[in-house]
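Below: the structure, in structure tokens.
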Amino acid sequence: MASQTYILFSLAADTILIVILLFLWARQRSEWHALLWAVGQLALSLGSASWTVEERSSIHYLVAALSLCGAVAGFVGGTEYFLGNLRRRHLQPLLLGCFLGVIGLYGLWEGHPLRAQWITAAVLGSAMTWSGLRLGLHRNRYRFLGMVLIVRGMFNLANSVGWIPHDYQSWFMYSIAIKTVSMLCLIHAVQEKIRHRYVHTIDSLSNGFLIQDRSGHVQVANERCARLLGHVHADALIGTHVADHRLFASRQDAAAYFRRFEAAQGAYPFIETATITLAGGDQVPLEMIASPYIESGQLYCMVQLFDISERQKKDALLHRAAHHDPVTGLFNRHGLLQELKRCVQLARQAGGDCALFFIDLDRFKRINDTFGHETGDQLLCQFAQRLQGVLPVQAIVARFGSDEFIIVLPCTAVAMARVVGQRILDALAAPFTLPLQALSVSASIGVACHPQHGASADALLRNADIAMYEAKKAGRGHLRFFDDSMTAHAREALTIDAALRSAIAANELQLVYQPIVTSDGRQLRKVEALLRWHSAQLGTVPPDRFIPVAEDSELIVELGHWVLHAACRQLAQWQGEMGELIVSINVSAKQLLDPGFADQVRHALDAHGLPARRLELELTERVLLDDTDRVQVALSRLSALGVSLSLDDFGTGFSSLSYLARFRLDTLKIDRSFVLQIEHNQRGRSLAATIVAMGASLGMEVVAEGVENTAQAAILQAMGCHYLQGYHIARPMAAHALPQALGFPEVTAPD
């Protein structure tokens, strides 16, 4: 075969390999090493082709110089870029070196062709050898490529010193073989680097990634996927079945999962969760996001795997925060409603019972205001612990509000609920040990049972709440079960509340006045202002119906303000006509503890030109019980104004003597229950006499309420009681009737 044929065959092989390198560079523009290697091989091929021209000229020498420098620059530059060492700043020195090399070689070819030929082969061989050494030493996976380039370089070096026989056939066979192998290795290196880049990208993902085929076998997997499935390297997954790694319970399940892609019609991705058990027994919750992938006409499944352990922990914390009270650790309102609905549904399905307890701590706000919220929170925690200590294991306990607790007892009928309710009250008997203080707390408890008192969660809550308020009205510290009559009272209270809110604006309120006279001469010294309400909607509403509603709804403060100004206005209108008459008005606990109440009293007196001694404020023992420290401050401010303070219904509450010792009071009113007993009950008479004597000894004026007949009046006068009040003296009357009713019954001695 002619030498030209071998040269053309070699050039054809070079061209094919160069085109492949250029194609790889064109597909991946970041693969500049492929372009540089292609340029180097192209320059080398052009140099080889130039030797087919037998005539030697300056153009031939210039091509030889350019081809050598281009080949060296291409192979060296491509290798350095492949290794990551070639930067933009290196291009200018590299181009300058090529330019100087071309000039030097061209001059050498012109002057010493034989020496230039030897140097060309030596330089090219050295460049090949150096590139092979760089690849072999720095990248283990490209060690074979490095060895091939070293062999190619050594071939060129051997050729430069004449060790290669001048047999064209043998020389070109060796040359074609070496060049083909080296170029194929370069092409493989480019492809391997591209593949490695994608593998590295997949491995760098924080989530696992795998591709499975239709049969369920893993084709591609990253390192993160291997670690999630309990393996050290991703290679251990390739070719295995996904069911072997517990992603699916069986191969049939895996096949069914894959078939969903064919039927989904583009509704991707599929997002599911699975919990796998590793070889060591550890369980890992995974989220799988799967999408289809088609390659060579075959359908594959790409699956991303996310370890959702931390997410589940955060979800659990968020769920707890959303469903549990942060102070006591019990269910909160939201969590309770879910549990209650579930419990009621189970009871309804089974035809069984369940009981709901609505617990309200009495006067808890006073504890918060006095000792601070930290102490209040500690009390709530201890209360929650006591509850759990006396309740069955299946009990559902929740903090429903600030001082409200709910207990749900599944499978509990009325009789057992009564026993549990008493246990709760007994658990509150002992004081709570708190920092710096031991506190005693009572609770009002309302109970509603399924199905007697309600068939739904809302009904049980509503009815237990109504029962709790009935317990609170009974004096706190009580247990009440719901009955239908409570609903009627609650509806009536709602109706009264709605109508009462517009009563002042509609001018439906008025004051009547009941005289309070001296027991000796029956002189009118005081009148008690009593509130009456005639509603356009409800008609005349008795005070014992609307006053408790006003106290519950905070309207009592607004009503008390109206009474204060109306009484002072009427007293000013009587000025001169009724002498130094004193008006007594009742004051509620909420009104007294209002920080601005003393200022309201002063403004009312000033607005009507009244001296403070003409106004008397009546307080009940319940008012004094609510918050002794704040009451002490409020009473001190009122006393400083000069108004009189009266203790109403004395003897019906607790710790009455302690009130007389602690608070500065001017008047003591004996409750009507004592007055009713003084005629026919010696013990009752003795108690009344003791109260009168005690009040007198303390420098207080004593008023007897509920005087119904002459005998009672005479006995009270004989005891030394200062004032009398009751139907025997006079009934409450309108303001205009009072001046005409100045004559009152005389006292006659009792039989």
Side-chain angles (χ1 to χ4, degrees), residues 315-350 352-362 364-365 368 373 376-414 416-421 423-425 427-428 441-472 479-482 486-487 490:
D315 289 345
L317 291 175
L318 291 174
H319 183 274
R320 180 169 182 80
H323 293 78
H324 289 78
D325 173 53
V327 175
T328 62
L330 305 175
F331 283 112
N332 59 13
R333 180 186 293 262
H334 181 64
L336 167 80
L337 292 176
Q338 289 188 345
E339 293 296 315
L340 177 58
K341 289 178 181 177
R342 180 184 61 82
C343 184
V344 171
Q345 184 177 8
L346 291 175
R348 187 185 301 119
Q349 292 173 351
D353 303 301
C354 72
L356 187 145
F357 295 73
F358 200 118
I359 304 174
D360 183 85
L361 295 181
D362 298 327
F364 178 74
K365 184 178 183 299
N368 267 345
H373 287 274
D377 288 347
Q378 292 176 353
L379 174 61
L380 291 174
C381 290
Q382 290 191 27
F383 177 71
Q385 292 171 0
R386 287 197 188 180
L387 282 182
Q388 292 173 312
V390 299
L391 294 174
V393 177
Q394 70 272 20
I396 300 168
V397 188
R399 183 186 176 196
F400 199 62
S402 174
D403 57 354
E404 296 174 337
F405 290 79
I406 299 291
I407 299 171
V408 180
L409 293 180
C411 305
T412 302
V414 174
M416 187 60 194
R418 197 176 303 278
V419 173
V420 174
R423 287 180 190 169
I424 297 172
L425 292 176
L428 291 173
V441 179
S442 63
S444 300
I445 306 176
V447 187
C449 296
H450 177 278
Q452 298 95 321
H453 306 143
S456 67
D458 291 340
L460 289 176
L461 269 174
R462 181 178 62 252
N463 293 338
D465 188 19
I466 292 173
M468 182 273 293
Y469 274 102
E470 291 296 322
K472 195 173 286 290
L479 174 73
R480 289 290 183 270
F481 279 75
F482 175 80
M486 294 179 182
T487 303

### Message
Against D353, only a single residue in C449, P410, P451 fulfils side-chain contact (heavy atoms from CB on, under 4.5 Å); can you say which?
### Response
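Of the listed options, the one satisfying the test is P451.
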Between [X] and [Y], what is the shortest heavy-atom contact and its length?
{"X": "N332", "Y": "A322", "result": "ND2-O, 3.0 Å"}
{"X": "E470", "Y": "R480", "result": "C-CG, 4.1 Å"}
{"X": "A398", "Y": "L330", "result": "CA-CB, 4.0 Å"}
{"X": "L387", "Y": "L391", "result": "O-CG, 2.9 Å"}
{"X": "S442", "Y": "D362", "result": "OG-OD2, 2.7 Å"}
{"X": "L460", "Y": "A448", "result": "O-CB, 3.6 Å"}

So do the side chains of [X] and [Y] get within less than 4.5 Å of each other, counting heavy atoms only?
{"X": "V397", "Y": "T328", "value": "no"}
{"X": "I406", "Y": "L461", "value": "yes"}
{"X": "F357", "Y": "L409", "value": "yes"}

### Task
Would you please name every residue forming a ring pair (Phe, Tyr, Trp, His ring centres under 6.0 Å) with H334, sequence neighbours left out?
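Counting only residues at least two positions away or on another chain, H334 forms a ring pair (Phe, Tyr, Trp, His ring centres under 6.0 Å) with H323.
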### Counterpart residues, side-chain hydrogen bond (donor to acceptor under 3.5 Å, both in side chains), relative to E339 (two or more places apart)
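Once residues adjacent in sequence are excluded, the partners of E339 under the side-chain hydrogen bond (donor to acceptor under 3.5 Å, both in side chains) criterion are R342.
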### Sequence-distant partners of T412, side-chain hydrogen bond (donor to acceptor under 3.5 Å, both in side chains), two or more places apart
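With neighbours one apart ignored, the set is empty.
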### Message
Looking at A427, is its backbone amide N or carbonyl O close enough to the side chain of R386 to form a donor-acceptor pair, meaning the two atoms are under 3.5 Å apart?
### Response
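Yes; at least one donor-acceptor contact below 3.5 Å.
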### Task
Quick one: list whatever passes salt bridge (Lys or Arg N to Asp or Glu O under 4.0 Å) with D360, sequence neighbours left out.
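In terms of salt bridge (Lys or Arg N to Asp or Glu O under 4.0 Å), with neighbours along the sequence ignored, D360 is linked to K472.
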### Query
Are more than 12 heavy atoms from other residues, nucleotides or ligands located less than 6.0 Å from atom OH of Y469?
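Open.
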Got a sec, which residues hit side-chain contact (heavy atoms from CB on, under 4.5 Å) with [X], two or more places apart in sequence or on another chain?
{"X": "D377", "value": "V327, L380"}
{"X": "L425", "value": "Q422, I445, L479"}
{"X": "Q385", "value": "none"}
{"X": "L379", "value": "F364, I367, F432, L434, V441"}

### Message
Show me the pairs that pass salt bridge (charged side-chain N to carboxylate O under 4.0 Å, His left out) and involve residues 390-411, at least two apart or across chains.
### Response
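Counting only pairs at least two positions apart or across chains, the salt bridge (charged side-chain N to carboxylate O under 4.0 Å, His left out) contacts touching residues 390-411 are D325-R399.
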### Query
Does anything in residues 445-455 pair up under salt bridge (charged side-chain N to carboxylate O under 4.0 Å, His left out), and if so which pairs, sequence neighbours excluded?
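Counting only pairs at least two positions apart or across chains, no salt bridge (charged side-chain N to carboxylate O under 4.0 Å, His left out) contact touches residues 445-455.
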### Task
Only pairs at least two apart or in different chains count here, so list each ring pair (Phe, Tyr, Trp, His ring centres under 6.0 Å) that has a residue in residues 376-411.
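Qualifying pairs, neighbours excluded: F358-F400, F383-F405.
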Could you measure the distance from the [atom1] atom of [X] to the [atom2] atom of [Y]? Nearest 0.5 Å is fine.
{"X": "N463", "Y": "L356", "atom1": "CG", "atom2": "CG", "answer": "10.0 Å"}
{"X": "C354", "Y": "L340", "atom1": "SG", "atom2": "CG", "answer": "7.0 Å"}
{"X": "C343", "Y": "Q394", "atom1": "SG", "atom2": "CD", "answer": "9.5 Å"}
{"X": "I424", "Y": "I359", "atom1": "CD1", "atom2": "CD1", "answer": "4.0 Å"}

### Task
Quick one: which residue pairs count as a side chain to side chain donor-acceptor pair (under 3.5 Å) with a foot in residues 448-460, not counting sequence neighbours?
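Side chain to side chain donor-acceptor pair (under 3.5 Å) check on residues 448-460 returns no pairs.
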